[in-house]
Amino acid sequence: MNYKETLLMPKTEFPMRGNLPNKEPIRRKLWDENKIYEKSLERTKGRPLFILHDGPPYANGDLHIGHALNKILKDFITRYKSMAGFHAPYVPGWDTHGLPIETALTKKKKIDRKKLPIPEFRQMCADYAMEQIDNQRNQFKQLGVRGDWENPYITLTKEYEAAQIKVFGEMAKKGYIYKGLKPVYWSPSSESALAEAEIEYKDKRSPSIYVTFETVDGKGLLDGGEKFIIWTTTPWTIPANLGISLHPNLEYVVASVNKEKYIVAHDLLEPLSEELEWENVKVVKTFKGEEAENIVAKHPFYDRESLIMLGTHVTTEAGTGCVHTAPGHGEDDFYVSKKYGIEALCPIDEKGYFTDEAPGFTGLFYEEANKAVTEKLTEIDALLKLSFITHSYPHDWRTKKPTIFRATSQWFASIKDFRQDILKEIKEVNWYPHWGETRLYNMVRDREDWCISRQRTWGVPIPVFYAEDNTPIITDETIEHVSNLFRKHGSNIWFEWDAKDLLPDGFMSEHSPNGIFTKETDIMDVWFDSGSSHEGVLMNREDHIRPADMYLEGSDQYRGWFNSSLSTAVAVTGKAPYKTIVSHGFVLDGEGRKMSKSLGNVIVPSKVLKQLGADILRLWVSSVDYQADVRISQDILKQVSESYRKIRNTFRFMLGNLSDFDPETDRISEENLNAIDKYMLHRFQQLIKNVKTNYNEYEFSSIFHDIHNFCTVDLSSFYLDFAKDI
């Protein structure tokens, strides 16, 4: 007798190894050919809608691991909702305007944008963006993400731009859009104004200087000759100084040191004496800041006055309590000077070089001028001390170069005019994690104006005309007309046609008696582009669904897309564009460090797919606490692969044992089940309940751990182990 033939061995065609890198492309091809996504939508038609609105990634370069985390999380949710009784279509999108594409053409393709006609350069940008979309689309599909990939929304399309113009027009109609001169973040490396959302803070080494300004008219309070001491870490702004600010309620002293009389805040005299190594300091006079108002000092090296002004922005946290005031290079400086009728002086051009308004420094780059200014101050004996400090400083988040404050004429959206409405709407949104509410609330609470104009080429034009007397013209008629023109021809016509051809037929204005008009040359901030997607996408759908059920993006979007979308939607509709916000953290390496090429710790999704397969990457996403920063490394992926293998082998063992099972004849009724079988059914029902609860709360790591433990502990180590003998 052959005992081998008496053994009842498991039989299954389900292989032990997944062989994912080879099999996944075949499976995806099958899905595409059989239109699985379209069939799933057909199946759920007529059910309640669930719309996860895609925050558009920027159309430039290959996908990084953060893209993979984001899109896979979205796929988990839309697939689950589709299985849980909803109709959950997913329309992916792309953000396509802005500086990175201009830079890519300039650097990679060696194109000099200034030598080309604007429409030609813009067309090159559009072509490049579409190439990038094709590349990224293929990579997203390789991650197994289901969606309407052949009909995405793209911010450069005619329909989208037309909708964006309408959002701008509606905000202008309500009085939220205005043009004004004030200091804004300016990026010399981008040659453009920036919004707060485009600023990141990095450490920078800067000169720290103490400078004296001599009193020339003491207004009866001072004798003349006393010297106000200011402290600054931007010596290059001294040529733009027009005053010194004191706090009205602070106490100031005239201190006699080495036959000189210096003026500083009383509370800072002691630390300042240490810093400047003063000895035998004698206080000869004390006065309140408000008593010194309108005293006149003189600029250290220019033949002009520096007025003593009062401002509540002055503190005693650092410096001298006497604040160097250059209204062209600081927001507080600008507003305090305005109260005294002092106009901003900004002797720096768009590239960061000094103009003729700063004699002696013309043509110098502002950072190089730091040395030249300190040398000049030393030469005239106005510099008390020079040292260097490392401090947190605003940088352009695209070029990674330092920014400056520069007073220029820009277009603004006045957030403060409808800020209370925004704050009210924030309270109505569901937040995952809950601290997202506080984070966005605090950002909006402190926001005044949003600078929406950019001095670039590749973007949606600001649809404003100017009359002969330079009055801006924004009317319902002009907005509607421009929107319709963009819908028909695209926004390139703004740069191809003359102003008169872009205006409605027969348009007249009392400000242009001769019928002559010009047009704005600035474009809109790209955050205004993507922030208008609630109008350009949600309201352009057949079902006109706004608000969306969910926006899901990285935590950097509290200052970005979550913020700009909320601002434009509340301005236009009074309501938030989303019911729920889910945010995820950043992806770090296995040791918790930021990924960088120089460290050699970058994990590229395409490489993971080739080595291990998309399912391993997807299982990794499901295993991490995504609402915080997450870690990934080859070792971590190896552990995930092992978890995958254990789950797979559990499936294989059960399928093998069920190969000859016929539910018609072999099923056992519940009353005839053994106690242990009933226990396992109970554990299984618990698992189903927990998994559904966690899906509804978007707690995917709990789902992963519950299923993994059920397969490896409840089944493999316990139930299946002794079931082999039965």
Side-chain angles (χ1 to χ4, degrees), residues 7-24 26-28 30-31 72-73 75-76 79-80 83-84 143-144 608-609 611-626 632 634-663 665-668 670 672-696 699-726:
L7 291 173
L8 188 62
M9 299 299 286
K11 290 176 189 167
T12 177
E13 291 178 10
F14 188 72
M16 187 180 288
R17 294 186 182 281
N19 194 13
L20 300 176
N22 294 324
K23 287 193 174 174
E24 282 176 349
I26 298 166
R27 192 176 302 134
R28 281 196 307 274
L30 205 65
W31 289 352
I72 290 169
L73 285 171
D75 196 50
F76 289 170
R79 282 177 186 254
Y80 168 68
M83 295 163 72
L143 296 171
V608 177
L609 266 55
Q611 291 166 357
L612 301 168
D615 262 0
I616 302 302
L617 200 54
R618 292 173 69 95
L619 199 60
W620 166 75
V621 172
S622 74
S623 72
V624 296
D625 176 12
Y626 69 87
I632 192 169
Q634 293 300 338
D635 286 342
I636 289 169
L637 287 170
K638 203 179 283 182
Q639 290 167 14
V640 173
S641 296
E642 185 59 22
S643 298
Y644 173 84
R645 188 186 63 78
K646 286 177 179 175
I647 293 169
R648 186 181 182 91
N649 282 343
T650 304
F651 287 174
R652 186 169 185 269
F653 182 82
M654 290 194 288
L655 286 168
N657 278 282
L658 290 168
S659 60
D660 57 354
F661 177 79
D662 183 347
T665 57
D666 300 332
R667 175 183 280 177
I668 300 172
E670 202 168 321
N672 292 327
L673 286 175
N674 293 324
I676 197 74
D677 298 322
K678 288 179 179 176
Y679 169 72
M680 286 310 297
L681 275 176
H682 172 69
R683 289 286 297 120
F684 184 53
Q685 291 306 320
Q686 274 185 324
L687 175 70
I688 290 171
K689 186 182 173 187
N690 290 346
V691 164
K692 282 183 175 177
T693 300
N694 286 318
Y695 262 121
N696 287 324
E699 294 282 353
F700 305 120
S701 62
S702 298
I703 297 169
F704 166 82
H705 291 297
D706 283 350
I707 290 176
H708 181 261
N709 289 341
F710 187 77
C711 287
T712 57
V713 179
D714 292 78
L715 289 175
S716 288
S717 299
F718 173 57
Y719 186 65
L720 300 181
D721 190 44
F722 66 78
K724 292 173 191 171
D725 301 329
I726 298 173

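Contact check for Leu612 versus Lys638: no side-chain heavy atoms found under the 4.5 Å cut-off.
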Side chains of residues 652-662: which donor-acceptor pairs under 3.5 Å do they make with residues two or more places apart or in other chains?
| residue | atom | partner | partner atom | Å |
| --- | --- | --- | --- | --- |
| Arg652 | NE | Phe14 | O | 2.9 |
| Asn657 | ND2 | Phe653 | O | 2.8 |
| Ser659 | OG | Gly656 | O | 3.1 |
| Asp662 | OD1 | Glu664 | N | 2.9 |

Give the table of side-chain donor-acceptor pairs shorter than 3.5 Å for residues 702-710, with sequence neighbours excluded, one pair per line with atom names and distance.
| residue | atom | partner | partner atom | Å |
| --- | --- | --- | --- | --- |
| Asn709 | ND2 | His705 | O | 3.2 |

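Every side-chain hydrogen bond (donor to acceptor under 3.5 Å, both in side chains) that Asn672 has, sequence neighbours left out, goes to Ser669. Residues satisfying the side-chain hydrogen bond (donor to acceptor under 3.5 Å, both in side chains) test with Asn649, not counting sequence neighbours, are none. The side-chain hydrogen bond (donor to acceptor under 3.5 Å, both in side chains) check on Asp635 picks up nothing, with sequence neighbours excluded. In this structure Tyr695 satisfies the side-chain hydrogen bond (donor to acceptor under 3.5 Å, both in side chains) test with no other residue, sequence neighbours excluded. With sequence neighbours left out, Arg28 forms a side-chain contact (heavy atoms from CB on, under 4.5 Å) with Glu24, Pro25, Trp31, Gln142. Every residue was checked against the salt bridge (Lys or Arg N to Asp or Glu O under 4.0 Å) condition with Arg648, not counting sequence neighbours, and none meets it. Contacts of Tyr644 classified as ring-ring contact (aromatic ring centres under 6.0 Å, His included), with partners at least two apart in sequence or in another chain: none. Scored by the salt bridge (Lys or Arg N to Asp or Glu O under 4.0 Å) test, Glu642 finds Arg645 as partners (sequence neighbours excluded).
A 6.0 Å sphere centred on NZ of Lys692 holds no more than 12 heavy atoms belonging to other residues, nucleotides or ligands. Under a cut-off of 6.0 angstrom, the local environment of CD1 in Ile668 is sparse, with at most 12 non-hydrogen atoms contributed by other residues, nucleotides or ligands.
The stretch residues 711-720 participates, sequence neighbours left out, in these side-chain hydrogen bond (donor to acceptor under 3.5 Å, both in side chains) pairs: Thr650-Ser716, Asp677-Tyr719, Arg683-Asp714.
The heavy-atom pair separating Ser622 from Leu619 by the smallest distance is OG-O, 2.7 Å. In terms of heavy atoms, Pro663 sits closest to Arg667 at O-CB, 3.3 Å. In this structure, Tyr80 and Asn696 approach most closely via the heavy-atom pair OH-OD1, 3.1 Å.
No side-chain donor-acceptor contact under 3.5 Å links Arg618 to the backbone of Ile72.
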